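Beneath this line is the structure, given in structure tokens, with notes to follow.
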Amino acid sequence: MAYRDLILNLAQVSAVEGFADLELDLPTNLKDRLEINADYEKEYLGFYLTSHPVAAVRKMLVKSENLFYVANLTKKDIVCDILVRIDNLITKVDKNGKKMCFLDVSDETGTIGVTIFASQYETMQNQIGLSKYLVIKVKTQSYNDKITCVLETIKKVIK
């Protein structure tokens with residue numbers, strides 16, 4: 001059974017009927033697991049069933065103790081480094097006619113929006129893409145009573 005079919009079946013299986021007898025045929029390679037599981041789980045179920053892929057990447061990083069979790073970004077004017085996966089990317093043209101970017105990024109604790117202004121986006125656009133893992137330096141801000149971030153620098157592209 002292909003993993004895509006497995007996820008679709010899991011979404012349709014009732015909580016009681018037949019779930020205990022379901023056998024999982026998961027890929028054993030970590031990279032395959034990160035790519036396949038995460039994409040299908042998020043797309044078909046709306047959440048990560050096994051674990052967030054950032055959790056595995058965080059374990060591989062040597063200096064992950066200096067990285068903040070998204071859930072800890074609760075106040076404005078915090079400047080910190082975070083390890084995230086890009087879940088959504090939208091480019092817009094600003095009032096000066098230059099491209100800027102809005103990202104939805106996540107880690108194992110939550111999701112947050114990141115704004116990349118045109119002056120930075122021109123130089124960083126080749127490093128940014130869906131499903132990429134980044135260590136980024138951000139500054140939090142409050143927008144419409146919600147905490148979001150402004151990108152200061154990309155410290156490391158992991159994928």
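Numbering of residues begins at 1 and proceeds along the displayed sequence. A quick note: this is a predicted structure, and the numbers were derived from the prediction, not measured.
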Would you call Ile112 and Val105 a side-chain contact if the rule is heavy atoms closer than 4.5 Å? yes

With sequence neighbours excluded, tell me which residues meet side chain to side chain donor-acceptor pair (under 3.5 Å) with Glu108. Arg58

Side chain to side chain donor-acceptor pair (under 3.5 Å) involving Asp87 - partner list, sequence neighbours excluded: Ser106

Would you please name every residue forming a side-chain contact (heavy atoms from CB on, under 4.5 Å) with Gln125, sequence neighbours left out? Tyr121

My understanding is that only residues two or more places apart in sequence, or in another chain, count here; which of them pass side chain to side chain donor-acceptor pair (under 3.5 Å) with Thr109? Asp107

In this structure, would Leu89 and Phe117 fall into the same cluster of hydrophobic residues linked by side-chain contacts under 4.5 Å? no

Once salt bridge (charged side-chain N to carboxylate O under 4.0 Å, His left out) is applied, what residue pairs with a partner in residues 147-158 remain, sequence neighbours excluded? Asp81-Lys155

Within the side chain of Thr140, is there an N or O that forms a donor-acceptor pair under 3.5 Å with the backbone of Ile78? yes

Identify the two heavy atoms, one from Ile147 and one from Lys76, that lie closest to each other, and give their separation to 0.1 Å. CD1-N, 3.8 Å

What is the distance from atom CE of Met124 to atom CD1 of Ile154, rounded to the nearest 0.5 Å? 5.0 Å

How close do Ala118 and Lys98 get, heavy atom to heavy atom, and via which atoms? CB-CB, 3.7 Å

Give the minimum heavy-atom separation between Gln120 and Leu151, together with the two atoms involved. OE1-O, 2.9 Å

Nearest heavy-atom approach of Arg85 to Ser131 is NH2-OG, 3.1 Å

Between Val70 and Phe68, is there a shared hydrophobic cluster once you connect ILVMFWY residues whose side-chain heavy atoms come closer than 4.5 Å? yes

Can any side-chain N or O of Asp94 pair as donor or acceptor with the backbone N or O of Asn96 at less than 3.5 Å? yes

Only one of Leu67, Asn66, Asn72, Val138 clears side chain to side chain contact (heavy atoms under 4.5 Å, CB included) with Cys80; which? Val138

Carefully, step by step, assess Asp77 and Lys139 under the rule side chain to side chain contact (heavy atoms under 4.5 Å, CB included). CA-CA 6 Å; Asp77 297 324; Lys139 181 176 182 180; 3.4 Å; yes

Pick one: which of Val114, Ile86, Leu83 meets side chain to side chain contact (heavy atoms under 4.5 Å, CB included) with Leu134? Ile86

Ser142 OG to Lys75 NZ distance, which is reported to the nearest 0.5 Å: 13.5 Å

Hey, mind stepping through Ile158 and Val135 against side chain to side chain contact (heavy atoms under 4.5 Å, CB included) and telling me if it holds? CA-CA 8 Å; Ile158 297 171; Val135 175; 3.9 Å; yes

Does Tyr143 share a hydrophobic cluster with Met100, counting links as ILVMFWY side-chain heavy atoms below 4.5 Å and allowing steps through other members? no

Asn88: side-chain contact (heavy atoms from CB on, under 4.5 Å) partners, not counting sequence neighbours: Ile90, Asp104

When rounded to the nearest 0.5 angstrom, what is the spacing between CD1 in Ile82 and SG in Cys149? 5.0 Å

Identify whether Ile128 and Phe102 are in the same connected component of the hydrophobic contact network (ILVMFWY, side-chain heavy atoms under 4.5 Å). no

